[in-house]
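Down below is the structure, laid out as structure tokens.
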Amino acid sequence: MNFTLLINEGPYQHQASDTAYQFAKAALEKGHEIYRVFFYNDGVNNATRLAIPPQDDRNITENWAALAKEHELDMVVCIAAAQRRGMLDADEAGRQGKDADNIHPAFRISGLGQLVEGGIQADRLLTFGD
Amino acid sequence: MNFTLLINEGPYQHQASDTAYQFAKAALEKGHEIYRVFFYNDGVNNATRLAIPPQDDRNITENWAALAKEHELDMVVCIAAAQRRGMLDADEAGRQGKDADNIHPAFRISGLGQLVEGGIQADRLLTFGD
Amino acid sequence: MAKLHIVNKSPFERNSLKSCLGKSKEGSTILLIEDAVVGALKGTVVADDLSSAIANKNVCVLGSDLNTRGFTEAEILDGIKIVDYAGFVDLVAEHSNVQSWL
Amino acid sequence: MAKLHIVNKSPFERNSLKSCLGKSKEGSTILLIEDAVVGALKGTVVADDLSSAIANKNVCVLGSDLNTRGFTEAEILDGIKIVDYAGFVDLVAEHSNVQSWL
Amino acid sequence: MSEGIKKFMFMNTKAPYGTVYALESLEVVLISAAFDQDVSLAFCDDGVFQITDNQKTDGSGMKNFSAAYKALGDYDINKIYVEKESLEERGLTMDNLMKLTYEDEDDDWAEKTSMYLVTRAELADLIDEQDVTISS
Amino acid sequence: MSEGIKKFMFMNTKAPYGTVYALESLEVVLISAAFDQDVSLAFCDDGVFQITDNQKTDGSGMKNFSAAYKALGDYDINKIYVEKESLEERGLTMDNLMKLTYEDEDDDWAEKTSMYLVTRAELADLIDEQDVTISS
């Protein structure tokens with residue numbers, strides 16, 4: 001079976017991203033597939049490559065990146081939500097005339113259609129939010 | 001009379017930063033002073049200089065920056081909360097070996113002591129959160 | 001000197017207004033802002049709680065947040081005062097401390 | 001095929017469990033995760049609501065979130081089943097749709 | 001369900017403006033129209049405040065997005081369910097809400113309502129029929 | 001109030017782990033100890049869950065910060081108020097909570113409790129005495 005996961009809250013402030021990560025790991029361990037992980041609302045903030053959490057705490061972005069690498073996960077950040085909140089990749093920063101970018105290479109930026117398509121293609125869509 | 005404002009939520013996701021901004025503007029118009037605006041929790045995300053909100057929407061960071069310039073506001077971002085969430089200035093990025101930074105020059109990074117001191121020095125401390 | 005209590009969440013969704021009403025003293029002021037303004041409407045399931053509060057506390061609502069949500073003075077409970085941001089500032093100045101019930 | 005309903009907020013703070021109980025059908029499953037796990041405790045003001053739900057729905061709680069908050073199986077209502085993340089995954093697979101009550 | 005068509009329900013349970021969920025959920029709804037699925041919207045709990053009439057944001061500086069709900073009919077999204085008990089608990093009736101309509105192409109483009117007042121039990125039945133439920 | 005000393009109360013009303021507020025509020029509390037103010041903590045509503053005993057986060061992967069509450073005594077923060085009604089509504093008693101103590105330097109470093117069980121009305125009185133209330 002395959003799942004699309006929708007994550008609507010940023011890292012640390014809410015448990016949503018942690019729960020989604022633990023769920024994804026357990027699903028993959030049981031042999032299921034993750035069709036897509038879609039980051040929306042403040043969820044886009046999970047994609048920053050600039051975070052430096054305390055050494056005795058988890059690094060949520062790196063956890064996702066490692067899981068994605070191991071299982072070739074498609075991790076999509078909503079472009080509109082990301083622009084509103086200052087999350088940019090190098091292409092976007094160039095196009096918008098911004099002098100820096102901050103998105104981790106494990107994530108890709110795309111439109112909301114990717115969420116709807118994820119709901120159509122996957123057997124189940126799960127929302128993790130506040 | 002002077003006020004310290006504590007902002008605990010990021011821009012757009014919650015109204016907290018908008019309300020604090022409208023309050024600050026009204027207080028200054030009435031002749032009060034803002035001793036400090038302290039950004040904590042996800043509130044640190046208000047300090048990004050990379051946001052590109054839709055053209056028909058407010059730009060929360062630029063609103064704060066303009067108000068700060070006009071009234072010489074002291075806008076402080078908590079360093080620990082900012083590091084956890086990937087908000088860095090150029091100094092921090094250099095020290096931490098990160099390849100980019102994203103904090104708007106209208107804000108400065110400092111420690112939590114600045115919040116407690118703000119509570120001691122100001123006549124009133126107000127919290128804006130979720 | 002009396003205290004100002006601020007509530008910003010809908011009483012239909014959260015317990016923060018109830019918590020505030022239970023832990024604020026007679027003579028204090030309660031200001032409803034953001035999503036909490038709908039607590040001031042007539043005919044709701046929390047109207048009785050608000051009416052009890054009005055009897056011995058000053059209850060205010062931020063007018064611009066009320067308008068933002070599609071409501072006006074005509075639709076709120078008698079005894080609740082509408083303030084603008086300047087009035088919000090005055091309330092903070094006139095009370096000796098402010099507690100936000102988040 | 002029955003539906004899975006997920007609640008993640010404390011029923012003492014938010015109305016989402018109540019909303020879920022009112023809009024989920026008999027035979028469906030309700031899973032409490034994150035801050036909602038405290039709704040499964042014995043002797044609380046929402047215990048009667050949960051007990052009614054247990055009568056005609058399957059109520060589960062995520063064990064690791066319960067332990068995180070300092071509680072174990074001994075402290076939750078009879079009839080509520082504890083699942084781990086693997087069990088959470090099974091619940092999602094066994095039901096035809098999942099609704100998160102945010 | 002019909003071949004390749006899924007029933008999508010957008011559950012709107014939160015008040016607008018205090019948080020961004022209503023606005024950003026509406027953006028998903030509008031995009032979903034392009035995918036030819038069976039889309040409906042439910043407004044319950046504080047979600048009913050999303051579609052109150054006469055929203056005026058000048059004083060708060062928030063972005064007024066309420067007009068976008070009126071465009072739903074143009075996107076062929078015309079199944080909008082409002083929970084009766086949620087209105088009553090909040091002292092509201094359908095008269096407090098915007099009139100959301102669509103033009104029926106099978107009936108000489110007559111303007112018809114998109115809004116259905118449903119009881120909590122009826123909404124529970126509708127939720128139970130969905131293939132995908134996106135909530136906020 | 002004493003010259004230059006303010007009464008600071010940290011109001012803890014939210015459950016831990018589901019949101020970060022409890023953890024980041026505790027960081028402010030620890031910093032505040034350096035400023036020689038009159039600091040107290042209140043735990044009410046879901047805030048009482050912040051100081052439950054036996055928190056074990058291995059399964060959830062969350063950072064377990066509960067031990068830091070036990071360090072409050074070392075920072076001379078020893079006025080911790082717990083609301084009785086909040087415990088009762090949640091089926092809890094003081095036995096469910098960690099034992100937070102301090103060593104009294106005026107009494108030969110005897111270990112004493114920092115925790116005071118107060119009624120809602122008593123907590124309202126305490127709140128009313130504060131100069132600064134930081135809530136989360």
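To find a chain, count down the sequence lines: A is the first, B the second, and so on, and within it residues start at 1.
Contact of F:E129 with chain C is made through the backbone alone, with heavy-atom distances under 4.5 Å. Heavy atoms of C:S96 lying under 4.5 Å from chain F belong exclusively to its backbone. Proximity to chain C (any heavy atom under 4.5 Å) is restricted, for F:T13, to the side chain, taken from C-beta onward. F:E85 does not touch chain C: none of its heavy atoms, backbone or side chain, sits under 4.5 Å away.
Between F:E103 and F:K112 there is no salt bridge, since no side-chain N of the basic residue sits under 4.0 Å from a carboxylate O of the acidic one. A salt bridge does not link C:E13 with C:K9: none of the charged nitrogens is closer than 4.0 Å to a carboxylate oxygen.
Side chains of F:T133 and C:N97: a donor-acceptor N/O pair is present below 3.5 angstrom, by distance only. With 3.5 Å as the limit, one finds a donor-acceptor pair spanning the side chains of C:T29 and C:N58. Side-chain atoms of F:S136 and F:K14 form no donor-acceptor pair, as typed in the model, at a separation below 3.5 Å.
Remark: the backbone N or O of C:S24 is not paired with any side-chain donor or acceptor of C:S28 at under 3.5 angstrom. Distance alone, capped at 3.5 Å, is enough to place a donor-acceptor pair between the F:Q130 side chain and the F:L126 backbone.
Of residues 66-75 of chain C, not one residue has a non-hydrogen atom less than 4.5 Å from any non-hydrogen atom of chain F. Of all residues in residues 21-55 of chain F, those placing a non-hydrogen atom less than 4.5 angstrom from a non-hydrogen atom of chain C are F:C44, F:D45.
Going from atom CD1 of F:I80 over to atom CG of F:L100 covers 4.5 Å, rounded to the nearest 0.5 Å.
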